[in-house]
J.: 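So that we are looking at the same thing, I have put the structure below in C-alpha cells.
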Number of protein chains: 2
Amino acid sequence: MTIIRKGQEFSSCSECNIRYRAVCSTCDHDELRRLEDIKYYRSFEAGQPIMFEGDEMHFVASVVTGAARLSRTLPDGRLQMLGLLLPSDFIGRPGRDKVAYDVEAIQDVTLCCFRRKPFEQMVETTPHIGQRLLAMSLDELDVAREWMMLLGRKTAREKITCLLALIGQRIATLHLQPVTDGLSFEMPISREAMGEYLGLTIETVSRQMTALRKDGIIEVKGSRSITIPDLADLMAETGDDTDGGMLI
Amino acid sequence: MTIIRKGQEFSSCSECNIRYRAVCSTCDHDELRRLEDIKYYRSFEAGQPIMFEGDEMHFVASVVTGAARLSRTLPDGRLQMLGLLLPSDFIGRPGRDKVAYDVEAIQDVTLCCFRRKPFEQMVETTPHIGQRLLAMSLDELDVAREWMMLLGRKTAREKITCLLALIGQRIATLHLQPVTDGLSFEMPISREAMGEYLGLTIETVSRQMTALRKDGIIEVKGSRSITIPDLADLMAETGDDTDGGMLI
DNA sequence: CGTTACGTTGACTCCCGTCAAGATCCGTGG
DNA sequence: CCACGGATCTTGACGGGAGTCAACGTAACG
C-alpha cells in the first residue's frame, strides 16, 4: 500500500524536510518525541479530496510534500479557492470540530497527521506549538487579506500578473534561482485552477494570458511553460507598487 | 483632555466591558495585574487614522468601544476594506514591527493599548494570552476567507444582501433583540463604506439598495434606517444556503 | 488512430464602473 | 426663519470588462 510505504519515507521528525518551518519547528527534542507518538502519515493523489466542508474534523495535519488547496462552493456551484497549502502549511484548526472548507490535493501530497484531540492537548500544554501556530495563522491572515484586495479591486489583467509574479518568485526561490529578468518556470496549476484562485472564468484567464503574450509581458511555450523577459514590465501590470511589497 | 478622561472610565480590567471576550479574556487575576501595568487607553474620533501601513508598530491594542476598520489602498487610489474591528477585536500583530494595513476609526473609538515589546514578552511567558490570540486569529482568518468568497464570486446584489443580513444580525444580537421578520436597524456605515467593504462603487451600492427596496426585500427610511420584512426573502438573495451558515 | 482533457478564440450579453446631473439632508450663519 | 454650502445619496446615460455559450485547436494517452 503506497500510503504506508510513502509514510515510512518520512517517519523521523528530525530528518523531516519541513522540520524547521512547520508547526513543530520550534519544538525541542522532548516535544518532538511526544508529537511522534500521535502522528501518522497519509498520502493523497492529485485531485483527491482530503476533507469536506462540514465533516467531522478527525485530524489536523502539516503538508510534508506536494500541494493542496482550500476552497468553498456556493449552492449553485460557483467555487472560490481560499488558500494554497504548500509544504509546512497547516491544515485544520484546533478547537473546532467541523471542517470549515473543502480541502483537496492539487498535486500528489503527503500529510503528517495528528489526531485532533491529542493535538489540542499538546497545544495547551506545550507553548512552543501554540506560539508557532499563532505566527503561522497570522501569516495566513495576511495572505488572505492581500488576496481580498486582489479579489475586490483588481482587474483581470492585474490578477493574472499578480499570480504569475507570485508563482514565479516562489518557484525560483524554491529552486534557489535568482529572481531576475528572463525568469522561467512551469505553471503548476491549470487555467481552471488559476480562475478559481483569482475569481475569474477560465475563458477570461485564457484571453488575458494571450493578451500578455501578445504585449510581450510573458513568453509561453505549450500552455504551462512561462518566461518573463522583463520583471519590471510584469510588475508594472500588477497594480501594486513596482518595488517589493510581494504577496507572500 | 478627553483621552485621559475617557481612559479613566475604563481603568479597571475586572470591570471592563470586553473582559470576557478580548485577548485578556482567559487571563487569571495575576496575569491581569501584569497586563494592567503595561496598558494605557487612547481614543480616536470617527474618521481619524489610527495607524498607517508601513509605520513602526509601537503598540498593539484591543478595541474597547466604537469601531475601526482595516484597509489597504493601491497606488492609484483604489481602496479595499479588509476588516471591521468591533469591541474586543485585536489590532496589531506581535512579532512584527511594521504595520501591515491602514487602521482608521469609523466611529469614536477607545483602545486599550499595550506597548508592543512588553506585550510580546507576555505572549511568550503567559500561555493564556497566546492561546486566546490564536483562537481570535483563527476566527479572523475564517471571516477573511468568507469575505474572499464574497469578493471573488458574488454579484453586487448578493454582496449587498449579505452585508445587510450580517449587520442586521450583529446589531440585533448586540441589543439582545430576536432576529426575526420585521428586523429593523440603523446602518452604521455610509454607502461609500459599504462599497469599500464589498468591492463595489458607491453608485452600484445605491442602485442595488434601490432595487432591493423596489423588490420589497428591504424597507428604507432616510438612507440609513433599514427594515427587513421577511428574513427568508433576504437570505434567498445572498447566494448562500438559506439556512444558517452565517458569516460571523 | 480515436478519445478525452485542456486550452484558445469568437460572438454576444450584461453587469458594473464611469461620468455627470440632480436630489436630499444637515449644520451654519445671516 | 430662510438661504446657503457641503456632504451624502440617487438616478440616468453610456461604455467597457468580464461572463456565457459555442466552436475549434492542441496535447496526452489509450
Side-chain angles (χ1 to χ4, degrees), chain A residues 45-48 74 76-80 104 106-107 149-164 186-215 218-226 237-239, chain B residues 45-47 74 76-80 106-107 149-164 186-215 218-226 237-239:
Chain A
E45 288 172 24
Q48 275 190 317
L74 293 178
D76 67 0
R78 281 172 287 176
L79 185 151
Q80 177 65 49
E104 186 183 323
I106 52 178
Q107 296 172 14
M149 175 94 245
L150 177 143
L151 292 172
R153 292 299 185 188
K154 289 188 175 173
T155 65
R157 187 178 175 100
E158 288 169 339
K159 288 177 175 180
I160 299 278
T161 49
C162 280
L163 185 66
L164 291 174
E186 292 288 309
M187 278 301 285
I189 59 176
S190 67
R191 296 289 187 267
E192 183 179 26
M194 291 173 68
E196 288 165 353
Y197 209 172
L198 299 171
L200 298 173
T201 60
I202 183 174
E203 295 95 330
T204 299
V205 172
S206 188
R207 272 188 263 269
Q208 293 297 334
M209 291 292 286
T210 302
L212 288 171
R213 179 169 50 75
K214 288 186 176 167
D215 293 347
I218 60 174
E219 290 159 13
V220 182
K221 259 208 197 73
S223 64
R224 297 292 188 97
S225 174
I226 308 285
E237 300 284 343
T238 61
Chain B
E45 288 171 24
L74 294 178
D76 68 359
R78 280 173 288 175
L79 184 151
Q80 177 65 51
I106 53 177
Q107 296 172 14
M149 176 93 244
L150 177 142
L151 292 172
R153 292 299 183 187
K154 289 189 176 174
T155 65
R157 187 181 177 99
E158 289 169 338
K159 288 176 175 179
I160 299 279
T161 49
C162 280
L163 185 66
L164 291 174
E186 292 289 308
M187 278 302 283
I189 59 177
S190 69
R191 297 289 188 268
E192 183 180 25
M194 292 173 67
E196 287 165 355
Y197 209 173
L198 299 171
L200 297 172
T201 60
I202 183 173
E203 294 95 330
T204 299
V205 172
S206 189
R207 271 188 263 269
Q208 293 296 336
M209 291 292 286
T210 302
L212 289 171
R213 178 168 50 75
K214 287 184 177 168
D215 293 347
I218 61 174
E219 291 160 13
V220 182
K221 260 208 196 72
S223 65
R224 297 292 187 98
S225 174
I226 308 284
E237 301 284 343
T238 60

J.: Whole Å only: how far is the CD1 atom of A:I202 from the C1' atom of D:dA18?
T.: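 Atom CD1 in A:I202 sits about 15 Å away from atom C1' in D:dA18.
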
J.: Between which nucleotides of DNA chain C, 5' to 3', does chain B make heavy-atom contacts below 4.0 Å?
T.: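 Contact boundaries, 5' end first: C:dC16 to C:dC19.
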
J.: Looking at side-chain heavy atoms only, is the closest gap between A:L163 and A:T161 below 4.5 Å?
T.: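 The answer is no, as the side chains (C-beta and beyond) never meet within the 4.5 Å cut-off.
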
J.: Once you round it to whole Å, what is the distance between C1' of D:dT8 and CD1 of B:I189?
T.: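 So the CD1-C1' distance, B:I189 to D:dT8, works out to 14 Å.
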
J.: Would you check if B:L164 and B:L212 make a side-chain contact, meaning some heavy-atom pair closer than 4.5 Å?
T.: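 A side-chain contact under 4.5 Å exists here.
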
J.: As a test of reading the structure: which of D:dT11, D:dC21, D:dC9 is closest to the side chain of B:S190, going by heavy atoms?
T.: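 The closest nucleotide is D:dC9.
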
J.: Just to be sure I understand the rule, does A:G195 reach a base, reach only the sugar-phosphate, or reach nothing, if contact means heavy atoms closer than 4.0 Å?
T.: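 Here A:G195 touches no strand at all.
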
J.: If you compare every side-chain N and O of B:R207 against the phosphate oxygens of D:dT10 (OP1, OP2), does one of them come in below 4.0 Å?
T.: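 No, outside the criterion.
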
J.: For A:E192, does the CD atom sit with more than 12 other heavy atoms under 6.0 Å from it, leaving out its own atoms?
T.: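 12 or below, so no.
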
J.: Send over the distance from A:Q208 CD to D:dA18 P, rounded to a whole Å.
T.: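 About 6 Å, once rounded to whole Å.
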
J.: Find the distance A:K159:NZ to D:dG17:P and express it as a whole number of Å.
T.: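 The distance from NZ of A:K159 to P of D:dG17 comes to 14 Å, rounded to the nearest Å.
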
J.: Charged N to carboxylate O under 4.0 angstrom, A:R78 versus B:E158?
T.: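 Yes, this pair counts.
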
J.: Round to the nearest Å and state the distance from A:R157 atom CZ to D:dG19 atom C1'.
T.: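 In whole Å, D:dG19 C1' lies 19 Å from A:R157 CZ.
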
J.: In this structure, how many angstroms lie between the P atom of D:dT8 and the CE atom of B:M209, rounded?
T.: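 About 16 Å, once rounded to whole Å.
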
J.: I want to confirm an ordering. Mapping A:T155 and A:E203 to their closest nucleotides on DNA chain D, which one lands closer to the 5' end?
T.: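 Comparing both residues, the 5'-ward one is A:T155.
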
J.: Counting the atoms with a prime plus P, OP1 and OP2 as sugar-phosphate, which does A:T210 contact under 4.0 Å by heavy atoms, base, sugar-phosphate, or nothing?
T.: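 The residue A:T210 makes sugar-phosphate contact but no base contact.
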
J.: Using atom NZ of A:K221 as one end and atom P of D:dT26 as the other, report the distance to the nearest whole Å.
T.: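 Checked: the NZ to P distance equals 17 Å.
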
J.: Check whether any side-chain nitrogen or oxygen of B:R224 sits under 4.0 Å from OP1 or OP2 of D:dC9, and answer yes or no.
T.: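 Yes, because at least one side-chain N or O of B:R224 sits under 4.0 Å from OP1 or OP2 of D:dC9.
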
J.: Could you tell me how far apart A:D76 (CG) and D:dG19 (C1') are, to the nearest whole angstrom?
T.: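 It works out to 14 Å between those atoms.
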
J.: May I ask you to verify if any side-chain N or O of A:T204 is less than 4.0 angstrom from the OP1 or OP2 atom of D:dA18?
T.: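 It does not, given that no N or O in the side chain of A:T204 lies less than 4.0 Å from OP1 or OP2 of D:dA18.
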
J.: Between the side chains of B:E237 and B:R157, is the shortest nitrogen-to-carboxylate-oxygen separation below 4.0 Å, so that they form an ion pair?
T.: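 Counted as a salt bridge, because a side-chain N and a carboxylate O are separated by less than 4.0 Å.
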
J.: With A:E203, which residues qualify under salt bridge (Lys or Arg N to Asp or Glu O under 4.0 Å), at least two apart?
T.: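 Testing A:E203 for salt bridge (Lys or Arg N to Asp or Glu O under 4.0 Å), a comparison that skips the adjacent residues, returns none.
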
J.: Look up atom NZ in B:K159 and atom NZ in B:K154, then write down how far apart they are to the nearest 0.5 Å.
T.: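 Here the interatomic distance stands at 10.5 Å.
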
